[in-house]
Amino acid sequence: MNGFLGEFFGTMVLIVLGCGTSASFNLKKSYGNGTNWLYVCFSWGLAVTMGVYVANFIGSQAHLNPAITISFAIFGKFSWHQVIPYIMAQFLGAFIGASLVALHFYPHFKNSKSELDGNSVGIFATRPAIKNNIFNLLSEIIATFFFVLILICLGNFSQGLKPLIIGLVITVIGTSLGTTTGFALNPARDLSPRLAYALLPIPNKSNPEWHYSWIPFIGPIIGAILATGISILI
């Protein structure tokens, strides 16, 4: 139960702070409207840091990411009997987190009349800068591969100052490899907020772009499996 609760609350914190950043960046009359990409990447990095601290305090291993949970289980770094509870908690926490962001920014969604005003699924989920399914998938695989490889090299990444280092890793992934697809790195981070955007009565919302959703779901899982497998070999 501590593992479930840790993953739930940790992922919820990640999404509240991360998608909250995206809402601040995009929606009209927000004080953060129109700030730069570094602001977004650094804030998302800190969102992950805070999520890891919360998850670890409650008693989980602070994966916050089904791709990490699955890849660690495949290579014996995590118990299979905890995989389903962890993944359920991650997706549920991400959905509740996105719902809280929708509530918090409701007046700004009402004021942002269209996608031209920044009211788009991009607040909650990722979108490619250039649509090309093959290269978009490769981007997610490559970005997640390097993220997970570095994560594994940190050892027990939920202890001490290591969550802060994870935040810096997220930031540099975002400023480098993340500029092509918005660096999902995490199926729960993309799918659950996308679902929340589609289901909730958010004013003036646009298309949730389900046609793209399989890429930030599959790509991070492949990238994490490759990174974990190579870490075992070396």
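Within the structure, the ring-ring contact (aromatic ring centres under 6.0 Å, His included) test picks out the following pairs touching residues 196-234 (sequence neighbours left out): F124-Y197. Listed by first and then second residue, the salt bridge (charged side-chain N to carboxylate O under 4.0 Å, His left out) pairs that reach into residues 210-231 come to none, sequence neighbours excluded. Applying the salt bridge (charged side-chain N to carboxylate O under 4.0 Å, His left out) rule to pairs touching residues 8-31 yields nothing, sequence neighbours excluded. Note on residues 8-18: no pairs pass side chain to side chain donor-acceptor pair (under 3.5 Å), not counting sequence neighbours. Within the structure, the salt bridge (charged side-chain N to carboxylate O under 4.0 Å, His left out) test picks out the following pairs touching residues 125-152 (sequence neighbours left out): E115-R127, R127-E209. Evaluation of the ring-ring contact (aromatic ring centres under 6.0 Å, His included) test over residues 48-70, restricted to residues two or more places apart or in two chains, returns H63-F72, H63-F78, H63-Y86.
For N156, the side-chain hydrogen bond (donor to acceptor under 3.5 Å, both in side chains) partners at least two apart in sequence or on another chain are S158. For the side-chain hydrogen bond (donor to acceptor under 3.5 Å, both in side chains) test, residues two or more places apart in sequence or in another chain that qualify with T180 are S139. For S22, the side-chain hydrogen bond (donor to acceptor under 3.5 Å, both in side chains) partners two or more places apart in sequence, or in a different chain, are W44. The side-chain hydrogen bond (donor to acceptor under 3.5 Å, both in side chains) test applied to S213 returns no partner, not counting sequence neighbours.
For Y39, the OH atom counts as densely surrounded, since its 6.0 Å shell holds more than 12 non-hydrogen atoms of other residues, nucleotides or ligands.
When only modelled atom types and interatomic distance are considered, T181 and N136 share no side-chain donor-acceptor pair under 3.5 Å.
In the hydrophobic clustering (ILVMFWY side chains linked at under 4.5 Å, chained through shared members), L233 stands by itself. Grouped with Y106 in a hydrophobic cluster is no other residue, since no side-chain heavy-atom contact under 4.5 Å to another Ile, Leu, Val, Met, Phe, Trp or Tyr is found.
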